[in-house]
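Following: one structure in structure tokens, then a few remarks.
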There are 2 protein chains.
Amino acid sequence: MIPPVNPSISVDCVIFGFDGKDLMVLLIDFTRSQTAEGKIVEKSSRKLPGSLILENEEIDVAANRTLVELTGLNQVYLRQFGVFSDPRRINSEEDLQWIEKAYGVKVSRIVTITYYALVKIDKSILQPTSEGEVQWHRVQDIRSLAFDHKHILVKALEVLTQQLLNEPIAFELLQKRFSIRQLQNLYEAILGFEIDNRNFRKKVLKLPFLKQLEEKEKEVAHKPARLYKFDKAAYEKEVKRSRLQLNFIRFF
Amino acid sequence: MIPPVNPSISVDCVIFGFDGKDLMVLLIDFTRSQTAEGKIVEKSSRKLPGSLILENEEIDVAANRTLVELTGLNQVYLRQFGVFSDPRRINSEEDLQWIEKAYGVKVSRIVTITYYALVKIDKSILQPTSEGEVQWHRVQDIRSLAFDHKHILVKALEVLTQQLLNEPIAFELLQKRFSIRQLQNLYEAILGFEIDNRNFRKKVLKLPFLKQLEEKEKEVAHKPARLYKFDKAAYEKEVKRSRLQLNFIRFF
DNA sequence: ACAAAAGTGTTCTCGGTACACCCATGC
DNA sequence: GCATGGGTGTACCGAGAACACTTTTGT
């Protein structure tokens, strides 16, 4: 038996990855066709992965379900960042019909709760979906998306940037072991400006939760970089220890 | 004609005020009674102001509507900060019946989008509601609330604290004209620790959006304090001007 | 030996912190 | 004149910013 779906609440996930150079996002290609007035209307575009929620399902769980179905990854960083509720956010007849067909329920207005996920690209194994093909796209190349998904993406990027400056989430996008340069590249890609390498190293090497490993890069045609890992336990400990200070009041 | 209500989505508002000494929150007293198995069950408690949303109503608008109905205040600071979606968050029969009676619709599971508002206490004129009496309460005195509202309040406080450290929202809680000491009291009340007065003054007086006024306090039995106001336009300008720097990466 | 990226140190400036006394007013 | 809270300055320290050359590896 199919569990009942709530026809007015959905989740949409902005799934970010990092390929060493650019910030990437996972999108689904899909095509809607509608027969209206004897003519067949076809529209092709891309959308963010998402799903209506089940009755009796917590929203976080729905977001995680969407993520697992798509990437095969469980236990990844997932953060709720917004609610999109414009009554006209799904405004075309063929879009509504496509959703009704996909879920087998009558829908009208849908409020969506949005999440962004941070995944290690190399670990993700993209699963085929009934909606359409799933692919990674460079964020900077994306021009338009279906529904109000472009709008959602823009908001996700804003929140991601803020988050990156205040919490150690960069490590969720990198492989377990990484070089300082890779970390810097990630910051530069997301923040959109260059950072002085010496100052960056000085700053991050002082962090108590960045652990140097014995291993080095191999088979590279230059001096091999030292590898590091993120020690989550050390981070949690440090956060608890640190007291709030005046220092923390910063308005810009 | 009553506009149709969406029975599965609501907003709840945590309305904060500051009385010069303590952080306050606006709560509604309400009583549910239910006749079950011949017995009358009565429960009295307090709840956050909230409302089911209307179909065709944006969530932000619903939150604002709730706020206006209650305080008579429009155009106050209002910020969405969470979504509470545990399918069992409204778990008692009398709570469900009370909601159904209040809105005249059949409800089962409700997902709530939560907002916090910052208001100037002296400007608010509490409106009587059909739900029950509305009153300001000191945040630190609150022991328990109906539904999962205590949980919501705790989350609101966390977000408020973070916000206070990163954005100039303190001024939303103070009167238009205020003294540095009042501002400091507000920070101390919310952050929960004492701040050195000389250092605090030095810090805030350097802010380009804090404008000194000619007026001073009057009729106080001590040296009258200078008054200041928050210049929003100057703040916006400053934010645009300031560039992101490495400086901004702070993990604790 | 050369190409390519890793890694390293110093000086300057600014902002945070700790800390104790005089000032203006009402009564 | 005294009680009350407002308002002020200095010395120390740590972190960010600017800036250019040497090191290690593969080919």
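All chains are named by letter (A, B, ...) in the order of the sequence lines, taking the proteins before the strands, and each is independently numbered beginning at 1.
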May I ask you to check whether over 12 heavy atoms, not counting those of A:Lys232, lie within 6.0 Å of atom NZ? no
- Would you please indicate yes or no on a ring centroid separation below 6.0 angstrom for B:Phe84 and B:Phe147? no
* Asked: Are any of B:Lys203's side-chain N or O atoms less than 4.0 Å away from OP1 or OP2 of C:dG15?
  -> no
Rounded to whole Å, NZ of A:Lys202 lies from P of D:dA18 at a distance of 11 Å
Note: for B:Tyr228 and A:Glu219 on DNA chain D, the residue whose nearest nucleotide lies more 5' is B:Tyr228
With the side chain defined as heavy atoms from C-beta on, A:Lys206 is closest, among C:dA6, C:dG16, D:dA15, to D:dA15
When rounded to whole Å, the CG to P distance for the pair B:Leu205 and D:dG9 reads 12 Å
### Query
Under 30°, 30 to 60°, or over 60°: which ring-plane class applies to B:Tyr116 and B:Phe81, parallel, tilted or perpendicular?
tilted
B:Glu217 atom CD is separated from C:dT25 atom C1', nearest whole Å, by 10 Å
A:Arg201 atom CZ is separated from D:dC21 atom P, nearest whole Å, by 19 Å
| said: Distance criterion of 3.5 Å, no angle test: do you see the side chain of A:Asn197 paired donor-to-acceptor with the base of C:dA6? | reply: no
Rounded to whole Å, CZ of A:Arg226 lies from P of D:dT24 at a distance of 12 Å
note: A:Asp196, atom CG; D:dC21, atom C1'; distance rounded to Å ~ 14 Å
When every non-hydrogen atom of A:Tyr115 is compared with those of A:Asp60, the smallest separation belongs to OH-OD1, 2.6 Å
A:Ile195 atom CD1 is separated from D:dC19 atom P, nearest whole Å, by 16 Å
With the side chain defined as heavy atoms from C-beta on, B:Ala225 is closest, among D:dG9, C:dA24, D:dG7, to D:dG7
Using a 4.0 Å heavy-atom cut-off, does B:Arg181 contact any base of the nucleic acid, only the sugar-phosphate backbone, or nothing at all? sugar-phosphate
With a 6.0 Å cut-off on ring centres, are B:Phe178 and B:Phe230 close enough?
-> no
From the candidates C:dA6, D:dG5, C:dT8, the one with an atom nearest any side-chain atom of B:Lys223 is D:dG5
Taken to the nearest whole Å, NZ/A:Lys218 to C1'/C:dA5 is 19 Å
Picking from C:dC19, C:dT25, C:dG16, the nucleotide nearest the side-chain atoms of B:Arg198 would be C:dC19
